[in-house]
Amino acid sequence: RIYQLDKKQAKQNPAPVASYPVDMLLTAADYSVQSGKFVLLGYKLGMFGFSSYLWQAPISADGQGINWHRAERFAVKPGGQWEAVIWDERSQNQILISQENTQQADQSLGHISLP
């Protein structure tokens with residue numbers, strides 16, 4: 001679910017404005033004004049540990065939401081509980097991700113180039 005908050009209001013009662021079929025736990029999201037793309041970062045816990053994924057989708061032509069029909073899903077390696085994502089301001093196709101320091105992975109920062 002996507003929630004929208006009004007940063008001008010002190011008290012909020014957030015309600016979902018959209019829902020997408022990502023079939024995983026989402027931990028982070030970011031939007032790039034430069035590229036017009038939205039990314040979602042998350043993971044699944046399976047029998048053999050964490051499987052991590054990144055969804056990339058363009059904003060719809062009317063600017064009112066994600067064009068989910070053009071969304072792409074990418075595996076993030078190594079798998080783990082990746083927690084944060086942000087577009088690299090120097091490039092329209094690169095993002096930075098980070099994860100907690102865990103026994104499953106010794107890497108805590110990643111740099112991904114997207115198509």
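Remember, predicted model here, so these are calculated numbers, not experimental data.
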Given the rule that I, L, V, M, F, W and Y join up when any side-chain heavy atoms are under 4.5 Å apart, are [X] and [Y] in one cluster?
{"X": "Trp87", "Y": "Ile66", "value": "no"}
{"X": "Leu5", "Y": "Val17", "value": "no"}
{"X": "Tyr43", "Y": "Leu40", "value": "no"}
{"X": "Ile59", "Y": "Val22", "value": "yes"}
{"X": "Ile95", "Y": "Tyr31", "value": "no"}

For [X] versus [Y], what's the shortest heavy-atom pair and its separation?
{"X": "Ala29", "Y": "Phe38", "value": "CB-CZ, 3.9 Å"}
{"X": "Ala15", "Y": "Tyr3", "value": "C-CD2, 3.5 Å"}
{"X": "Ala84", "Y": "Ala28", "value": "CA-CB, 3.7 Å"}

Run the salt-bridge test on Lys8 and Asp6 with the 4.0 Å N-O cut-off and return the result as yes or no. no

Measuring from atom [atom1] of [X] to atom [atom2] of [Y], what distance do you get when rounded to the nearest 0.5 angstrom?
{"X": "Asn67", "Y": "Arg70", "atom1": "CG", "atom2": "CZ", "result": "6.0 Å"}
{"X": "Leu41", "Y": "Leu25", "atom1": "CG", "atom2": "CG", "result": "11.5 Å"}
{"X": "Ser35", "Y": "Gln94", "atom1": "OG", "atom2": "CD", "result": "12.0 Å"}

Pairing residues for Ile86 by the side-chain contact (heavy atoms from CB on, under 4.5 Å) criterion, not counting sequence neighbours: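 By the side-chain contact (heavy atoms from CB on, under 4.5 Å) rule, Ile86 matches Asp30, Leu96.
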
Compare all side-chain heavy atoms of Leu26 with those of Tyr20 and state whether any distance is below 4.5 angstrom.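 No, side chains not in contact.
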
Is there side-chain contact between Gln81 and Glu83, with heavy atoms separated by less than 4.5 Å? yes

Is it true that a side-chain atom of Ser32 and a backbone atom of Lys37 form a donor plus acceptor pair closer than 3.5 Å?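 No; judged by distance alone, with no hydrogens or angles, the pair does not exist.
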
Using a 3.5 Å cut-off and no angle test, enumerate the donor-acceptor pairs between side-chain atoms of residues 44-55 and protein atoms at least two apart in sequence or in another chain.
| residue | atom | partner | partner atom | Å |
| --- | --- | --- | --- | --- |
| Lys44 | NZ | Asp23 | OD2 | 3.3 |
| Ser52 | OG | Gly80 | N | 2.8 |
| Ser52 | OG | Gly80 | O | 2.5 |

